[in-house]
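Here is the structure we will look at, set down as structure tokens.
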Amino acid sequence: MAVRVLPPPVFLLALLLALVASVAHGGDGKLRVGFYKDSCPDAEAIVRRIVARAVREDPTANAPLLRLHFHDCFVRGCEGSVLLNSTKGSTAEKDAKPNHTLDAFDIIDDIKAALEKECPGKVSCADILAIAARDAVSLATKVVTKGEWSKDGNLYEVETGRRDGRVSSAKEAVKNLPDSFDGIRKLIKRFASKNLSLKDLAVLSGAHAIGKSHCPSIAKRLRNFTAHHDSDPTLDTAYADRLRRRCRSPRDRTTELEMVPGSSETFDAAYYGLVAKRRGLFHSDEALLRNDVTRGLVLRYRDSEETFLRDFGASMVNMGRVAVLTGSQGEIRKTCAFVN
């Protein structure tokens with residue numbers, strides 16, 4: 001007869017404590033839709049309310065919220081490190097040169113304060129970034145706001161369950177973040193390092209459908225692209241002339257340039273029409289035409305906005321899974337700018 005060996009009481013106690021801790025944090029260490037349904041049922045509603053208010057007060061707020069999530073995920077993964085402040089001994093991501101134009105930190109702080117009041121210590125800053133990005137882009141998408149896309153008003157469902165990291169490095173931001181002057185090979189390499197595909201690259205570049213930039217971001221494309229002081233040959237000549245008239249000084253940080261002229265507050269497929277005409281604002285936009293796969297996707301999305309919107313949601317979920325901290329990893333910050 002087989003003898004059944006019972007686990008020692010100490011092991012049972014440890015197992016019980018681990019289970020209690022898992023339940024207390026809302027789950028089993030895996031990302032999933034509705035992670036906070038028990039631990040903080042109104043979490044996503046609170047985020048949505050504050051994002052919607054911010055966008056009503058400033059229709060340009062949607063792009064910075066979307067951009068924060070991108071810049072977070074490409075450095076150390078989607079773990080909220082882009083929100084941390086620099087300390088005496090360490091320069092944080094937000095103070096790296098590529099992040100000097102990041103905005104909307106105040107909106108994230110407002111969301112965090114509201115969530116800490118509602119359910120202290122439950123919702124991570126990393127998840128706030130992911131939910132706020134989804135809400136920002138959903139509120140900028142006409143077919144969503146008109147109720148033609150989904151009954152809940154979301155472009156896609158966002159997975160949650162991330163925890164916050166404790167390290168933020170400006171050097172890592174410089175090394176990992178895609179640059180507006182990147183060519184296709186470098187872009188492919190950067191995305192592949194995050195396990196993101198050529199399709200993800202083409203789709204996520206569509207985030208440039210909303211938002212604005214400034215003259216220093218394109219100055220080299222307009223006047224000093226080569227040693228002969230000419231413009232970027234991949235940029236449409238007429239469009240380059242128009243941009244030069246707007247940007248008379250390469251150091252002009254005041255003049256705002258719409259990523260998609262006349263449509264910078266509406267999330268749609270118009271961006272791909274510009275790229276196909278070599279009128280993407282950044283060199284990295286035009287770079288999508290330099291690969292057969294990404295070029296094909298540019299043309300596909302130009303001709304089918306519905307396809308683009310569906311693929312964008314899927315790629316945002318893919319990006320949101322990059323190097324996440326879950327379970328007992330990391331922490332749930334009380335304030336997003338500081339570790340506990």
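Across all their heavy atoms, Tyr36 and Arg162 have their closest contact at OH-O, 4.1 Å. Between Pro98 and Leu177 the shortest heavy-atom distance is CB-CD1, 3.8 Å. Taking each heavy atom of Phe181 and Arg221 in turn, the nearest pair found is CE2-CG, 3.7 Å. Of all heavy-atom pairs between Phe282 and Ile218, the closest is CD2-CG2, 3.9 Å. Considering all non-hydrogen atoms of both residues, Ile108 and Cys336 come closest at CG2-SG, 4.2 Å. The two residues Tyr239 and Glu258 come nearest to each other via the heavy atoms OH-O, 4.5 Å.
Hydrophobic cluster membership is shared by Val298 and Val293, with clusters built from Ile, Leu, Val, Met, Phe, Trp and Tyr side chains linked at under 4.5 angstrom. Hydrophobic clustering places Val317 together with Phe74 (ILVMFWY residues linked when any side-chain heavy atoms are closer than 4.5 Å, directly or through intermediates). Note: the hydrophobic cluster containing Leu102 also contains Ile131 (ILVMFWY, side chain heavy atoms under 4.5 Å, direct or indirect links).
Asp72 places a side-chain N or O within 3.5 Å of a backbone atom of Glu79 that can act as its donor or acceptor partner. The backbone N or O of Ser217 sits nowhere less than 3.5 Å from a side-chain atom of Ser213 that would complete a donor-acceptor pair. Checking side-chain atoms of Trp149 against main-chain N and O of Leu155 turns up a donor-acceptor pair under 3.5 Å. At distances below 3.5 Å, not a single donor-acceptor pair connects side-chain atoms of Arg302 with backbone N or O atoms of Ala269. Asn62 places no side-chain N or O within 3.5 Å of a backbone atom of Ile210 that could act as its donor or acceptor partner. Of the possible donor and acceptor atoms, none in the side chain of Asp164 sits under 3.5 Å from a partner among the backbone N and O of Ile332. Side-chain atoms of Asn176 do not come within 3.5 Å of backbone N or O of Ala173 as any donor-acceptor pair. Judged by distance alone, the side chain of Lys112 and the main-chain N or O of Arg333 form a donor-acceptor pair under 3.5 Å. No donor-acceptor pair closer than 3.5 Å links the side chain of Asn85 to the backbone N or O of Phe338. Ser168 places no side-chain N or O within donor-acceptor distance of the main-chain N or O of Ala92, the cut-off being under 3.5 Å.
The stretch residues 281-293 participates, sequence neighbours left out, in these salt bridge (charged side-chain N to carboxylate O under 4.0 Å, His left out) pairs: Glu286-Arg290, Asp292-Arg295. Counting only residues at least two apart or in different chains, ring pair (Phe, Tyr, Trp, His ring centres under 6.0 Å) contacts with residues 291-310 comprise Phe267-Phe308, Tyr272-Tyr301, Tyr272-Phe308, Tyr301-Phe308, Phe308-Phe312. Annotation: salt bridge (charged side-chain N to carboxylate O under 4.0 Å, His left out) contacts involving residues 33-53, sequence neighbours excluded, comprise Glu44-Arg134, Arg48-Asp135.
How far SG of Cys78 is from CE of Met319: 6.0 Å, rounded to the nearest 0.5 Å.
A salt bridge links Lys212 with Glu256; the closest basic N to acidic carboxylate O contact falls under 4.0 Å. With respect to Asp268 and Lys142, no salt bridge is recorded, no charged nitrogen being found less than 4.0 Å from a carboxylate O. Using a 4.0 Å cut-off between charged side-chain N and carboxylate O, Glu172 and Arg76 make a salt bridge. In this structure, Asp236 does not pair ionically with Lys277, as no charged nitrogen and carboxylate oxygen lie closer than 4.0 Å. The pair Glu331-Arg166 meets the salt-bridge criterion, since a charged nitrogen lies less than 4.0 angstrom from a carboxylate oxygen.
The one candidate from Lys189, Arg190, His283 that meets the side-chain contact (heavy atoms from CB on, under 4.5 Å) condition with Asp182 is Arg190. For the side-chain contact (heavy atoms from CB on, under 4.5 Å) with Arg321, the lone residue among Asn195, Leu196, Leu31 that qualifies is Leu31.
With hydrogens and angles left out, the side-chain atoms of Asn99 and His71 include a donor and acceptor closer than 3.5 Å. For Asp200 and Ser197, the side-chain atoms include at least one donor-acceptor pair closer than 3.5 Å. Judged purely by distance below 3.5 Å, without hydrogens or angles, the side chains of Ser304 and Glu306 never pair a donor atom with an acceptor atom. For the 3.5 Å distance criterion, the side chains of Ser86 and Asp95 qualify, holding a donor opposite an acceptor.
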